[in-house]
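If you read the sequence from its start, that first residue is 1, and numbering goes on from there.
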Amino acid sequence: MVDAMRAHVSADMEGVTGLAGAADVQPGGRDYGRGRSMMAEDMDAAVRGALAAGAHEILVHDAHVPTRDLRPGDPHPRAACAETTEWGPPVAEAIRTVRVTGSGLPTVYISGDNASLDVVREIAARYAPVDTAVLFAGAPRLSALDDALLVLDGQGAAAAAQLLGARRVVAAHVDSWAHFTETRRDVETAFEEAGLADRLRSA
């Protein structure tokens, strides 16, 4: 007998009930609004089925690019919602960010390999404030990429925390690799200088 079951519901718009053309699934399309509603209804049905089968924890994920199809009130109240976004153009790969939240739950933001505060501003305009921000730091650089920052340095992480209005910040991705040019202590110092030391938590 299974004592506890978790379910992950990940959906793309293509294949959702009743959606048959580009106008149904592309932002700006004539029937995109209807497509978003029907996607939400299908995902809601999947969540209800998972609950009926005994799931006690459910995560729903909007997997249709640009992954902004689910509206704030769409996910079932018993489900947490993860939203993945790609930002670009990237230095070496797509910049991925993840936001996880749900009805009555805190909002958690997880940054990807991003060193641009302009990207953070764009994210903050959509999601801020957040309860917890997990920020990649450590200021890694590679000579093959002209020593450009691949993720945030300590000062950038502190600035990102302010932009996001984060109540708590976890600095991740800050040690163990040779191409990192800062340490966890550098991040701590930057937060102290910004007056944000009380928000920083250990990974």
Side-chain angles (χ1 to χ4, degrees), residues 1-90 92-114 116 118-136 163-167 170 172:
M1 178 179 178
V2 178
D3 294 326
M5 181 172 62
R6 295 182 174 90
H8 178 199
V9 180
S10 182
D12 202 341
M13 287 187 82
E14 289 84 1
V16 164
T17 303
L19 304 189
D24 298 327
V25 301
Q26 293 179 355
R30 183 180 63 253
D31 294 324
Y32 177 61
R34 181 179 69 91
R36 296 176 80 183
S37 296
M38 297 188 75
M39 178 183 181
E41 289 172 9
D42 271 14
M43 294 188 76
D44 190 72
V47 171
R48 293 197 307 270
L51 290 170
H56 79 289
E57 186 176 310
I58 302 171
L59 178 69
V60 297
H61 177 213
D62 177 356
H64 178 74
V65 174
T67 68
R68 300 182 185 181
D69 308 290
L70 291 177
R71 295 157 296 200
D74 283 340
H76 191 285
R78 288 283 303 278
C81 180
E83 182 173 330
T84 305
T85 306
E86 288 190 1
W87 308 83
E93 61 178 307
I95 300 168
R96 288 183 174 270
T97 67
V98 179
R99 179 186 68 113
V100 181
T101 190
S103 179
L105 299 176
T107 298
V108 179
Y109 165 78
I110 306 170
S111 77
D113 287 346
N114 168 50
S116 170
D118 287 338
V119 169
V120 177
R121 288 187 185 92
E122 187 174 350
I123 294 167
R126 182 172 170 82
Y127 300 132
V130 302
D131 294 283
T132 300
V134 180
L135 302 177
F136 287 17
L163 289 168
L164 292 163
R167 293 174 54 199
V170 177

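- You'll find the side chain of D74 stays beyond 4.5 Å of the side chain of V60, heavy atoms only.
- Atom OG1 of T132 is separated from atom CD1 of I110 by 10.0 Å, given to the nearest 0.5 angstrom.
- Heavy atoms only, all atoms of each residue included: I58 and V9 are closest at CG2-CG2, 4.3 Å.
- For the side chain to side chain contact (heavy atoms under 4.5 Å, CB included) with V25, the lone residue among R36, M13, M39 that qualifies is M13.
- The two residues L163 and A128 come nearest to each other via the heavy atoms O-CB, 4.0 Å.
- Here the straight-line distance linking atom OH of Y109 with atom CG of L164 works out to 6.0 Å at 0.5 Å rounding.
- By the neighbour-count criterion of 12 heavy atoms within 6.0 Å, atom CZ of R34 is densely surrounded, having more than that number from other residues, nucleotides or ligands.
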Y127 and T107: side-chain contact (heavy atoms from CB on, under 4.5 Å), yes or no, with the steps?
-> CA-CA 9 Å; Y127 300 132; T107 298; 5.6 Å; no

In sequence, state the C-alpha distance, the side-chain angles, and the governing distance for E41 and T17, and then conclude on side-chain contact (heavy atoms from CB on, under 4.5 Å).
-> CA-CA 9 Å; E41 289 172 9; T17 303; over 6 Å; no

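- Nearest approach of A7 to A55, heavy atoms of both residues: CB-CB, 4.3 Å.
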Kindly determine whether L51 and H76 satisfy side-chain contact (heavy atoms from CB on, under 4.5 Å), including the steps that lead there.
-> CA-CA 11 Å; L51 290 170; H76 191 285; 3.7 Å; yes

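- In plain terms, the two heavy atoms of R71 and S37 that are nearest each other are NH2-OG, 3.0 Å.
- Rounded to the nearest 0.5 angstrom, M5 CE and H56 NE2 are separated by 9.5 Å.
- For the residue pair D24 and G18, the shortest heavy atom distance occurs at OD2-O, 4.3 Å.
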Decide yes or no on side-chain contact (heavy atoms from CB on, under 4.5 Å) for V16 and H64, but give the supporting numbers first.
-> CA-CA 11 Å; V16 164; H64 178 74; over 6 Å; no

